[in-house]
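These notes are about the structure you will find just below.
Only this structure's heavy atoms are used, side chains among them; waters, hydrogens and symmetry mates stay out. Residue numbers begin at 1 in each chain, while the letters A, B, ... track the order of the sequences.
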Amino acid sequence: MSQFWKPGSERPRLVDDEEGGVLLYATSSSSSSSGFGYGSLEKQRQRLPVYKYKTAILYSVETHATTIIVGETGSGKTTQIPQYLKEAGWAEGGRMIACTQPRRLAVQAVATRVAEEMDVKLGEEVGYTIRFEDITNEELTRVKFLTDGVLLREMMDDPLLSKYSVIMVDEAHERSLSTDILLGLLKKIQRRRPELRIIISSATIEAKSMAAFFNTRRRCEQEQGPIKEPAILSVEGRGFNVEIFYVEDPVSDYVWAAVSTVMSIHDQERMGDILVFLTGQDDIDAAIQLLTEEAQSSGKQGLVTVPLYSGLPRADQDLVFSPTPKGKRKVIFSTNIAETSLTLEGIVYVVDSGFSKQRFYNPISDIENLVVAPISKASARQRAGRAGRVRPGKCFRLYTEDYFSKEMSVVGIPEIQRSNLVSCVIQLKALGIDNILGFDWPASPSAESMIRALEVLYSLGVLDDDAKLTSPTGFQVAEIPLDPLISKMILASYEFGCSEEIITIAAVLSIQSIWIPVRGVQKQLDEAKLKFAAAEGDHVTFLNVYKGFIQSNKSSKWCHKNFINYHAMRKVIEVREQLKRITQRLGIGLKSCEGDIQAVRKAITAGFFANAARLEPFSHNGMYKTVRTSQEVYIHPSSVLFRVNPKFIVYHSLVSTDRQYMRNVITIDPSWLTEAAPHFYQKQLHSSVPQ
DNA sequence: GAGCACTGC
């Protein structure tokens, strides 16, 4: 392992956060996965690190409006704190305790565990709510787990969240879009409801800024009720030590460096699985190929390589969890998915490239890009921690310690500063927040992004001249849990008599892809697509696929035969059912246009008029220009209209690589643009759309 | 003729 050095061993130690090269401290003598065979659930609960802090936590919640709990993984905070609160009486008198999570799976898992510990039936005293699943009972449920997105939706009916006495926001350090919106709103609610208690659980690195955000104490103010200054409590975790190693010189090719590091670990370290963090499918495939070649040419045996990324078919993802064969060493090459969303057991070594793919939004061009960017120290810590779950581990960072300590940012950029804010703004408007630009965020998005979002909503007829939600359109669009452009398309479809068809299209557009991930089967996929291809474009093609799926009786076999992702289609059915319920509630019945595809295209245009593009008159390579901003764009090769190049189209989204590609396009008549949005197209039509 | 980190309502 010559290219690595261990901080503190060969050179004077530099600073690694607070820990100086060692990441997590073990606090108990036994691991969480062994030694509890005879203990009752109650005994197990008492052994969790958080147990020692029970009184302190309850005291703090009693006396402070906001309590920030800093806790590493395995402290037991998520499962225990809601129970402590319940025991202390916070759920009495018809009140409820809420605990939010960023992800659905976590909600289900935690709720199940807590119901078990409390020895109650899930869905009664302890319940959970995620999209498509409400396992709660209005009369009985006292402790409720839910995604932060669901809690935001609940605010539309109950803006002060009056049924909750305590709201615990878990994993707040991840700074997801909905967590940040939720935190901003909770701060507002607190002013109106001094009796409400908020608990924010976060990693060390974010605790101080969270506390500053929630500190509403003013100088000279007479304190009434709970103390306004947040309390910060620290609970240790239950991970094992992870030794950190850095490269001595910067690496130029992290894929190659990762593979050679894996080879060295395999050569020189005890048995134990390896987790390698790379950025995407390309990296991962390249690394696996390289490692296979290297192992072959050097005659090394005993390595089992597994890829892991979200686009992988379910069956392949499961390989990651299968036990490593005896005498073998598993090497998992993963994207960020293993950083937060999935927990892998048996990992002893982590190799960290220092990069991940991150979304960035440019409000000027209104384009979201996916770019490979350096991770933050917080991510690096999280990645390293993955090595210490079963026994002391090691983490090999493919960057220098100097880089880590001097150049790496402390935390990542919150999602809200990297996203298109259209959905976020309409949500706040629906909650009666009028002064969007003055909203108090944990991290403020740029004014440009806000203004762009307001413009888009105005052009859709969702906001009026005073930037208030229009009635009924604005309120209806806010009610539908999808991108406002899609919601607007749904509303318009009722007028065009094709809502039956449009909600199918809306459901398909709101999931990633209905085709099975390619690689190696490109030709077959293209051929399969031809069977469904419609001259009008991709949206109509989706209708054909959906029809076929229903006619096959929702058969997985049929999907397999046609290169269609069965799980994705199940999801389409689920989303479609939800949209059906919502549209009915909005008083929009379902109508079918019975094959009148022009109605469907007009409804799509009513939502997506801003995404119109025109073929350049003498273009030989299929170059289009957007009508609004004259940007150069091309039809994506995966579209059924690729190389067909009709004169006028609207697209669903842009993806940018070396070119800007339009994904999911449909042919339109340019006169529909002025019909759909007269104000929006007044100027542009004179200059760039021939009549 | 190209490529989709990850969530969520």
Response to the item:
Testing B:dC9, B:dA2, B:dA5 for proximity to the side chain of A:L370, the answer is B:dA5
Fill in: A:Q101 CD - B:dC9 C1' separation (whole Å)
16 Å
Worksheet item: Of the candidate nucleotides B:dG1, B:dC6, B:dA5, which contains the atom at the shortest distance from the side chain of A:R643?
Response: B:dG1
Worksheet item: Between A:S310 and B:dC6, does any side-chain N or O lie under 4.0 Å from OP1 or OP2?
Response: yes
Worksheet entry | Test of ring centre spacing under 6.0 Å for A:H652 and A:F608 | yes
Worksheet item: Counting any heavy atom closer than 4.0 Å, what does A:R103 reach on the DNA or RNA strands: base, sugar-phosphate only, or nothing?
Response: sugar-phosphate
Worksheet, complete the sentence: Which of B:dC4, B:dC9, B:dT7 is nearest the side chain of A:P481? It is B:dC9
Discussion item. Whether A:S423 contacts B:dC9 is assessed here as follows: a side-chain N or O lying under 4.0 Å from the phosphate OP1 or OP2. Is that the case?
Written reply: no
Worksheet item: Base, sugar-phosphate alone, or nothing: which one does A:F132 contact when heavy atoms must sit under 4.0 Å apart?
Response: nothing
Discussion item. Checking ring-ring contact (aromatic ring centres under 6.0 Å, His included) between A:Y254 and each of A:F355, A:F333, A:F277, which is the one that passes?
Written reply: A:F355
Worksheet item: What is the distance, rounded to the nearest whole Å, between atom CD1 of A:I426 and atom P of B:dC9?
Response: 18 Å
Practice prompt. Tell whether A:D526 reaches the base of B:dG1 with its side chain through a donor-acceptor pair below 3.5 angstrom.
Written response: yes
Practice prompt. For A:S341, report the nucleic acid contact type (base, sugar-phosphate, nothing); a contact means any heavy atom under 4.0 Å.
Written response: sugar-phosphate
Practice prompt. Among B:dA5, B:dC9, B:dT7, find the nucleotide with the atom closest to the side chain of A:R153.
Written response: B:dC9
Worksheet item: In whole angstroms, how far is the P atom of B:dA5 from the CG atom of A:L342?
Response: 15 Å
Item to complete: Name the closest nucleotide to the A:R104 side chain, picking from B:dA2, B:dT7, B:dC9.
Response: B:dC9
Discussion item. What contact category does A:I130 fall into here, base, sugar-phosphate, or nothing, at under 4.0 angstrom with non-hydrogen atoms?
Written reply: sugar-phosphate
Worksheet item: Rounded to the Å, how far apart are A:N420 CG and B:dC9 P?
Response: 19 Å
Discussion item. On the six-membered ring of A:F404, is A:R397 placed so that its NZ or CZ lies under 6.0 angstrom from the centre and within 45° of the ring axis?
Written reply: yes
Response to the item:
Scanning both residues in full, the closest heavy-atom pair of A:T147 with A:R103 reads CG2-C, 3.9 Å
Practice prompt. Send over the distance from A:D148 CG to B:dT7 P, rounded to a whole Å.
Written response: 14 Å
Fill in: Value in whole Å for how far the C1' atom of B:dC4 lies from CG of A:N565
13 Å
Practice prompt. Looking only at side-chain atoms of A:K357, point me to the closest of B:dC6, B:dG8, B:dA5.
Written response: B:dA5
Practice prompt. May I have the step-by-step check of side chain to side chain donor-acceptor pair (under 3.5 Å) for A:S653 and A:R663, ending in yes or no?
Written response: CA-CA 5 Å; A:S653 61; A:R663 288 185 69 201; 5.3 Å; no
Item to complete: Mind checking A:R359 for me? I need base, sugar-phosphate or nothing, with any heavy atom below 4.0 Å counting as a touch.
Response: base
Discussion item. Side chain of A:I337, heavy atoms from C-beta onward: which of B:dG1, B:dA5, B:dT7 has the nearest atom to it?
Written reply: B:dT7
Discussion item. For a 4.5 angstrom cut-off between non-hydrogen side-chain atoms, does A:K529 reach A:F563?
Written reply: no
Practice prompt. Answer with base, sugar-phosphate or nothing: what part of the nucleic acid does A:S178 contact at a heavy-atom distance below 4.0 Å?
Written response: nothing
Item to complete: Whole angstrom is fine here: how far is it from CG in A:D180 over to C1' in B:dT7?
Response: 14 Å
Practice prompt. Taking only the side-chain heavy atoms of A:R663 (C-beta and beyond), determine which of B:dC4, B:dG1, B:dG8 contains the nearest atom.
Written response: B:dC4
Worksheet entry | Minimum-distance nucleotide to A:Q512 side chain [options: B:dA2, B:dT7, B:dC9] | B:dT7
Worksheet entry | Separation of B:dG8 P from A:L177 CG (nearest whole Å) | 13 Å
